[in-house]
Every structure is written in C-alpha cells, then in structure tokens.
Amino acid sequence: MNAGATIRPLYPSEAMFAGNRSTVAYSAFGSGALKIDALTTAFRALLASYPVLSAQIVSAGHGYALQYADHPPAPQIGASTALPPAGFTIADPDAVCAIDVAQTGTDFRLTLLTHHSIADAGAALRYLEVLCTYYTRVVETGSAGTIRSHPLALSLEQFLAARGYVIPGAGEPPAPRAETAVDATVVVRHGRTRLGREQTTQLFDAAHAAGLTVHGVVCAAILAAAHALSRSQGAVTFGLTSSVDLRTRTAAPITAAQGTVIQGADTAILAVVPDDDPLRLARAVLDSLASGLADHTVHQVFLCQPQRQHPCIENPLMVTNWGPIPALRLPKGLRVHDFRATVR
C-alpha cells in the first residue's frame with residue numbers, strides 16, 4: 001500500500017456520510033486490565049487485514065475518494081469508561097477507524113470507531129470481533145498470527161450492479177449531511193430498555209406465536225411509545241423507517257466485512273391511535289417491509305435522488321436492528337458485562 005495513493009472514489013451511498021464524519025461506535029464494557037501495547041498491535045493487524053480501514057477520505061472533484069493514509073492512528077486513551085454525552089469522534093482527522101480505550105480501576109471500556117462511509121452496523125461489528133480475536137492472540141502468544149489481507153470492501157452500488165440492478169447514472173453528488181449544532185435549550189433524552197433472559201425468551205415466543213418477528217413487535221412498541229409522548233388524544237401519523245442489511249437479501253450473499261454500507265430501507269406510514277393494537281402495528285410494519293423487499297424498492301432507496309424518496313415524512317422514526325452481538329473472544333482475566341452501540 002502506497003501512502004497517498006488513491007484506492008477508489010466514494011460512491012453516493014458512502015459519500016452521504018463523508019462531510020460530517022459520521023461515526024459508528026461499538027463499546028464493550030468489562031472488568032480486568034487491558035494491555036494497551038497488545039491492543040495497539042491487534043489494531044494494526046486489523047488495519048492490515050482490511051485495507052478499507054487503513055484509508056482516509058479526501059475531496060476529489062465534486063465528490064470524495066479513498067486513499068491510503070500515511071500512518072495508522074494511535075489509540076485514543078480516555079479518562080472515563082462512561083459514554084461521552086456528545087458521542088464519539090475519531091480524533092485523527094485523516095483516519096476512518098480508531099480505538100478509544102478507558103480503564104478505571106478494574107473496569108474498562110473498549111470502543112471501536114469506524115467512519116460510516118466505510119462501515120455500516122454489520123461491518124463495524126465484525127471488525128470489533130476480529131480486533132478482539134487478534135488482541136487475544138497477541139496476549140496469549142505474543143503475536144497476532146498470520147495476517148490475511150482481504151479484498152477491498154464493496155460499495156452498495158458495486159454490490160447491486162454485480163447482481164443485475166440498474167444503477168442510476170451519476171448526477172449531482174449527494175449533499176453530505178450537515179453537522180448539526182447543539183442547541184442548549186433542546187433536551188435530548190437517551191432511553192434504554194434491558195430485558196433479562198426470561199423476558200427476551202417471552203418476547204421471541206410471543207412474536208413467533210403471533211406469526212411476527214421481534215423486529216415487528218419492537219417497532220410496534222416504539223410506535224406506541226411515540227404516540228404516548230405526543231400526548232395526543234387522537235390519531236397521529238408516523239413514518240417509521242426500518243434499516244435493512246442487504247448482504248443476504250439478494251442472490252450471491254456476502255459477509256459483513258465484504259461491503260461498506262450495504263443498506264436499504266423501508267418506510268411504513270402508519271396512523272397510530274391511543275391504546276392501538278400492537279399486533280396490528282407490527283403486522284403493518286412487516287407488511288410494508290415485505291412489499292418493499294418484493295418489489296426491490298428497499299434495495300434501491302439509497303440509490304435514488306432525494307426527491308425520489310419520501311418528500312416529507314411526518315413524525316419520522318428510525319429503527320435499526322443491530323442483530324445479535326457475537327461472543328467477543330478476550331484473554332483470561334477479562335470479562336465483558338455490557339455493550340453499547342452509538343452513531344454520531
């Protein structure tokens with residue numbers, strides 16, 4: 001890899017995240033003492049395994065391009081294991097991937113940061129899993145072992161074109177999402193619902209007994225909560241967007257790390273009334289999603305120009321099913337007891 005050499009242009013599905021350095025952050029919380037030197041070695045092995053993580057995003061004409069960075073980013077050492085209120089950022093302005101580590105007594109936080117242009121939720125989770133595996137090898141053997149360099153990750157456009165989809169011609173480049181200034185008068189509420197093993201089993205059983213998926217049931221709960229927060233006594237219309245990982249939704253599926261942002265989406269427009277039937281809401285969400293998958297609008301929504309998508313969604317909600325968290329392999333003496341996923 002030659003530093004400064006151009007790898008390839010960013011495609012529109014990737015470039016939409018380039019301007020504001022949107023970052024996917026996966027944090028594992030646990031007990032035990034992390035070895036920073038070993039973690040640094042493991043991180044460099046991860047970069048060597050997946051060339052897209054060794055890149056930087058640069059302006060190129062009317063768009064952006066990937067080129068190889070001059071040096072790997074140094075670990076970001078934090079003073080607190082808590083999640084930062086404003087979210088994580090990659091400190092090195094030229095990097096698209098970094099690790100942010102904090103150790104307080106016997107408690108640690110290990111966070112993998114990836115620029116959203118080069119990794120979506122599924123890819124980032126796979127990279128964290130590989131990082132932990134390399135770290136364990138380094139601690140146990142002194143080496144990350146044989147490093148295999150994987151092919152460069154595909155964009156959504158490359159992925160779909162290879163499967164017979166017609167990709168719209170290049171027009172005006174998508175406008176990057178602007179960095180939103182934080183208004184001190186606006187209160188941002190972060191909520192979290194944690195289910196125990198028994199409650200999780202009951203949720204799955206209830207969904208399956210009704211012929212539904214857990215995604216549908218969770219969406220119904222979110223819609224009901226959103227209506228309650230609106231304090232309306234009548235019907236409220238919501239546009240609920242479900243993010244869809246397309247890697248296994250076409251012929252010739254690929255693994256998580258073989259693509260960058262291989263995402264589609266479906267938006268269900270639903271009128272929700274007080275004390276609405278959650279099964280009705282769940283079925284409506286899943287019916288909309290099934291229809292979008294059948295006519296392939298889900299696959300192509302991010303290939304369209306903005307005006308071809310929903311022009312104005314009333315009361316928008318976004319739901320992403322991050323999927324199961326893999327059992328992160330760590331050396332003896334380290335134990336993960338919590339996991340958080342954030343996007344900034």
Side-chain angles (χ1 to χ4, degrees), residues 1-10 14-28 34-60 63-103 108-121 123-132 134-135 138 144 147 149-150 152-153 176-180 182 257 260-261 340-344:
M1 297 185 295
N2 297 321
T6 298
I7 305 171
R8 67 164 173 81
L10 279 189
E14 303 165 324
M16 70 173 77
F17 303 108
N20 67 348
R21 294 186 59 78
S22 182
T23 303
V24 179
Y26 281 128
S27 298
L34 291 172
K35 300 178 184 295
I36 300 302
D37 288 347
L39 195 55
T40 301
T41 300
F43 180 60
R44 290 181 177 176
L46 176 70
L47 300 184
S49 295
Y50 298 97
V52 72
L53 301 181
S54 299
Q56 61 181 344
I57 296 173
V58 297
S59 295
Y64 298 91
L66 288 172
Q67 70 178 31
Y68 290 115
D70 294 330
H71 56 82
Q76 300 175 194
I77 309 299
S80 172
T81 57
L83 295 176
F88 288 97
T89 58
I90 299 175
D92 186 334
D94 293 329
V96 297
C97 183
I99 51 174
D100 190 291
V101 187
Q103 182 90 44
F108 72 82
R109 173 183 50 75
L110 170 59
T111 303
L112 179 68
L113 310 177
T114 49
H115 193 303
H116 206 347
S117 288
I118 58 94
D120 57 15
L125 193 56
R126 174 56 181 164
Y127 294 140
L128 176 62
E129 185 180 16
V130 174
L131 173 67
C132 290
Y134 280 145
Y135 175 70
V138 174
I147 305 301
S149 180
H150 294 77
L152 190 68
R177 299 189 306 177
E179 190 74 44
T180 303
V182 178
T260 56
V261 189
R340 298 297 296 269
T342 61
V343 177
R344 181 183 186 274

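Predicted model only: the values in this text are computed from it and were never measured.
- The CG atom of N20 sits 9.5 Å away from the NE2 atom of H116 when rounded to the nearest 0.5 Å.
- Partners of R8 by salt bridge (charged side-chain N to carboxylate O under 4.0 Å, His left out), not counting sequence neighbours, listed by chain and number: E14.
- L10 and A15 get closest at one heavy-atom pair: CD1-CA, 4.1 Å.
- Between atom SG of residue C97 and atom CG of residue L113 there is a gap of 7.5 Å, rounded to the nearest 0.5 Å.
- Every residue two or more places apart in sequence or in another chain was checked for a ring-ring contact (aromatic ring centres under 6.0 Å, His included) with F43, and none qualifies.
- Using a 4.5 Å heavy-atom cutoff, the side chains of P75 and L39 are not in contact.
- For the pair Y64 and P9, the minimum side-chain heavy-atom distance is 4.5 Å or more.
- Annotation: side-chain hydrogen bond (donor to acceptor under 3.5 Å, both in side chains) contacts involving residues 78-90, sequence neighbours excluded, are absent.
- Taking S49 as the reference, Y134 meet the side chain to side chain donor-acceptor pair (under 3.5 Å) condition, with sequence neighbours excluded.
- The salt bridge (charged side-chain N to carboxylate O under 4.0 Å, His left out) contacts involving residues 91-100 comprise D100-R109, where partners must be two or more places apart or lie in separate chains.
- Side-chain contact between D120 and V24: absent, with no pair of heavy atoms (C-beta onward) separated by less than 4.5 Å.
- To the nearest 0.5 Å, atom NE2 of residue H115 and atom CD of residue Q56 are 11.5 Å apart.
- Residues F108 and V101 have side chains not in contact (no heavy-atom distance under 4.5 Å, counting atoms from C-beta outward).
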Go through the steps for T23 and F17 under the test side chain to side chain contact (heavy atoms under 4.5 Å, CB included), then give the verdict. CA-CA 9 Å; T23 303; F17 303 108; over 6 Å; no
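- With a 4.5 Å cut-off on side-chain heavy atoms, S22 and V343 count as touching.
- One finds the OH atom of Y135 at 10.0 Å from the CD1 atom of I99 (value rounded to the nearest 0.5 Å).
- Atom CG of L152 is separated from atom CG of L66 by 7.0 Å, given to the nearest 0.5 angstrom.
- Nearest heavy-atom pair across R21 and P93 is NH1-O, 3.2 Å.
- Remark: Y50 OH to T114 OG1 distance equals 13.0 Å, nearest 0.5 Å.
- R344 places no side-chain N or O within donor-acceptor distance of the main-chain N or O of A25, the cut-off being under 3.5 Å.
- Here the closest heavy-atom approach between residue V96 and residue L53 is recorded as CG2-O, 3.7 Å.
- The minimum heavy-atom distance linking S54 with A48 is given by the pair OG-N, 4.5 Å.
- Across every non-hydrogen atom of L131 and L112, the tightest pair is CD2-CD1, 4.3 Å.
- Panel note: side chain Q76, backbone A98; no donor-acceptor pair is recorded below 3.5 Å.
- Side-chain contact between T40 and P72: absent, with no pair of heavy atoms (C-beta onward) separated by less than 4.5 Å.
- A search for ring-ring contact (aromatic ring centres under 6.0 Å, His included) contacts involving Y26 returns W322, F339, not counting sequence neighbours.
- Side-chain contact between P51 and I7 is absent, with no heavy-atom pair separated by less than 4.5 Å.
- The shortest non-hydrogen separation linking A153 to V52 is CB-CG1, 4.3 Å.
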